[in-house]
Amino acid sequence: MTKETTGNQSEINIFTMQCFSEKTELQVPLFIVFLLIFLIIILGNIVIFATIISSSHLHTPMYVFLCVLSFLDISYASTTLPKLLVMLSTQRKIISFVGCITQLYFFLSFICTEFLLLAAMAYDRYVAICRPLHYTLLMSLKNCVKLLAASCIVGFLDPFIFALLIANLSFCASHIIDHFFCDVSPVLKLTCSDTSTLEILIYINGALVGSSAFILTSTSYIFIICSIMRIQSSHGQQKAFSTCASHLMCVLIFYVTIICLDTRPIKAFNPKQDKFFSLLYMTLIPLLNPLIYTLKNKDFKDSLRKLATKIHAHSKCNAVN
């Protein structure tokens, strides 16, 4: 392990990951499971991305948001799972200090951006159901781009200062991270610096960003539910609810896992529990999003069939030539 000595303290430049188990016989099964999960996440979200891009009639705000959501799901899974796969396959469960902080920053950025994007998607559904006559005006391409830009700018700027503050802490207590990637809680557990002020700032910031997104999302759905309840026919209610049910399900899964994981103090860090909830929002959400959003979506399924037919016809032409 490489170290640099500063005064009476030794600064750690390389961390060792605890991952899931030290048992040698479990490393190959774990590698296969996470490789399959990663490949399904990549394939499922690329299919969504490609279908929306190739189908001009899907170039609406709802599908543009879904396209960006697929990109974010691929991105935050890619910040952690490839490194985990390398560690499981080589048994070198180490990560550099710079690599750790970089992983932490990008993971937080993608999660924060998705948090805000889900709020923007809830607003889109509110306008579509509660103010349908004003939909083209309120959710114009210009306004859609503004919402996406705001989500990305805030999502990537917000964690930057905290990643910078964490990078300037002294890590001399231990070099073993009891986790499978560099998350805030397990990294802060290793520092010998006083983190009380930093923890307060993180919770205040999380409360401000999280509560803003939560208020916008929950308010949108309160209006949506009230509007649906005013529809006279049960068929009309079912049709209206089906347009936002998939998004609501994803929001609930995302919020529940984030709240269970990030609303506790650092001292209450529980490795087993944190690994479980981290796996939920790192693998379950990107796995389920493609299914939840497309399984009962007739427009998307029709576009996917057309795309598959085009690809099949193109491959036949190439085979003949």
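If you're wondering where the values come from, they're calculated on a predicted model, not measured in any experiment.
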Does the [X] side chain pair with the main chain of [Y], one donor and one acceptor, at a distance under 3.5 Å?
{"X": "Ser96", "Y": "Gly99", "result": "yes"}
{"X": "Thr113", "Y": "Ser109", "result": "yes"}
{"X": "Asn143", "Y": "Leu138", "result": "yes"}
{"X": "Asp183", "Y": "Ser185", "result": "no"}
{"X": "Gln18", "Y": "Ile176", "result": "no"}
{"X": "Thr219", "Y": "Leu216", "result": "no"}
{"X": "Thr79", "Y": "Tyr76", "result": "yes"}
{"X": "His59", "Y": "Ile53", "result": "yes"}
{"X": "Thr90", "Y": "Arg92", "result": "yes"}
{"X": "Thr191", "Y": "Ser193", "result": "yes"}

Work out which heavy atom in [X] is nearest to a heavy atom in [Y]; give both atom names and the distance.
{"X": "Ser227", "Y": "Ile129", "answer": "OG-O, 3.8 Å"}
{"X": "Ser54", "Y": "Thr51", "answer": "OG-O, 3.2 Å"}
{"X": "Ala122", "Y": "Ile224", "answer": "O-CD1, 4.2 Å"}
{"X": "Ile41", "Y": "Pro286", "answer": "CG2-CB, 3.7 Å"}
{"X": "Ile101", "Y": "Ala163", "answer": "CG2-O, 3.9 Å"}
{"X": "Ile177", "Y": "Cys100", "answer": "CD1-SG, 4.0 Å"}

Contact between [X] and [Y] at the side-chain level, heavy atoms closer than 4.5 Å - yes or no?
{"X": "Ile32", "Y": "Leu36", "answer": "yes"}
{"X": "Leu190", "Y": "Leu169", "answer": "no"}
{"X": "Leu188", "Y": "Leu198", "answer": "yes"}
{"X": "Lys306", "Y": "Ser55", "answer": "no"}
{"X": "Arg131", "Y": "Tyr126", "answer": "yes"}
{"X": "Leu117", "Y": "Phe71", "answer": "no"}
{"X": "Ile94", "Y": "Met87", "answer": "no"}
{"X": "Leu147", "Y": "Tyr123", "answer": "yes"}

When clusters are formed by joining ILVMFWY residues with side-chain heavy atoms under 4.5 Å apart, either directly or through shared neighbours, do [X] and [Y] land in the same one?
{"X": "Leu288", "Y": "Leu279", "result": "yes"}
{"X": "Phe162", "Y": "Leu157", "result": "no"}
{"X": "Ile161", "Y": "Val187", "result": "yes"}
{"X": "Phe65", "Y": "Leu252", "result": "yes"}
{"X": "Tyr135", "Y": "Leu141", "result": "no"}

Does the ring centre of Phe300 sit less than 6.0 Å away from the ring centre of Tyr63?
->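 Centroid separation for Tyr63 and Phe300: 6.0 Å or greater.
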Between Phe214 and Phe115, does the ring centroid distance fall short of 6.0 Å?
-> no
What distance do [X] atom [atom1] and [Y] atom [atom2] have between them, rounded to the nearest 0.5 Å?
{"X": "Cys130", "Y": "Phe223", "atom1": "SG", "atom2": "CZ", "result": "7.5 Å"}
{"X": "Asp158", "Y": "Leu108", "atom1": "CG", "atom2": "CG", "result": "9.0 Å"}
{"X": "Ile40", "Y": "Thr283", "atom1": "CD1", "atom2": "OG1", "result": "10.5 Å"}
{"X": "Leu208", "Y": "Asn205", "atom1": "CG", "atom2": "CG", "result": "6.5 Å"}
{"X": "Leu35", "Y": "Leu85", "atom1": "CG", "atom2": "CG", "result": "5.5 Å"}
{"X": "Met139", "Y": "Met62", "atom1": "CE", "atom2": "CE", "result": "11.5 Å"}

Apart from Val209 itself, what residues make up its hydrophobic cluster, given side-chain heavy atom links below 4.5 Å?
-> Leu116, Val154
Fellow cluster residues of Ile222, listed by chain then number, with links counted only when side-chain atoms sit under 4.5 Å apart =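 Cluster partners of Ile222: none, it stands alone.
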Look at the rings of Phe15 and Phe97 and say which category their plane angle falls in: under 30° parallel, 30 to 60° tilted, over 60° perpendicular.
->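 Rings of Phe15 and Phe97: tilted, 30 to 60°.
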Indicate the ring-plane relationship of Phe106 and Phe156, choosing parallel, tilted or perpendicular according to the 30° and 60° boundaries.
->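 If you compare the ring of Phe106 with that of Phe156, the planes turn out perpendicular.
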Side chain to side chain contact (heavy atoms under 4.5 Å, CB included) between Tyr203 and Glu199, worked out | CA-CA 6 Å; Tyr203 289 126; Glu199 286 182 48; 4.2 Å; yes
Please say whether more than 12 non-hydrogen atoms of neighbouring residues, nucleotides or ligands are located less than 6.0 Å from NE2 in His57.
->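 Counting other residues, nucleotides and ligands, NE2 of His57 exceeds 12 neighbours.
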When you look at Ser70 and Asn289, which way does the side chain to side chain contact (heavy atoms under 4.5 Å, CB included) test go after all the steps?
-> CA-CA 8 Å; Ser70 293; Asn289 276 353; over 6 Å; no
From the options Leu88, Val86, Thr80, select the one residue that forms a side chain to side chain contact (heavy atoms under 4.5 Å, CB included) with Leu84.
->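 Single side chain to side chain contact (heavy atoms under 4.5 Å, CB included) partner of Leu84 among Leu88, Val86, Thr80: Leu88.
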Begin from the C-alpha positions of His175 and Ile14 and carry the test side chain to side chain contact (heavy atoms under 4.5 Å, CB included) through to its verdict.
-> CA-CA 7 Å; His175 69 281; Ile14 294 177; over 6 Å; no
Dump the intermediate steps for side chain to side chain contact (heavy atoms under 4.5 Å, CB included) on Met282 and Phe107, then the final yes or no.
-> CA-CA 10 Å; Met282 189 185 301; Phe107 184 76; 4.1 Å; yes
Among all residues two or more places apart in sequence or in another chain, which pass the salt bridge (charged side-chain N to carboxylate O under 4.0 Å, His left out) test with Arg305?
-> Asp302
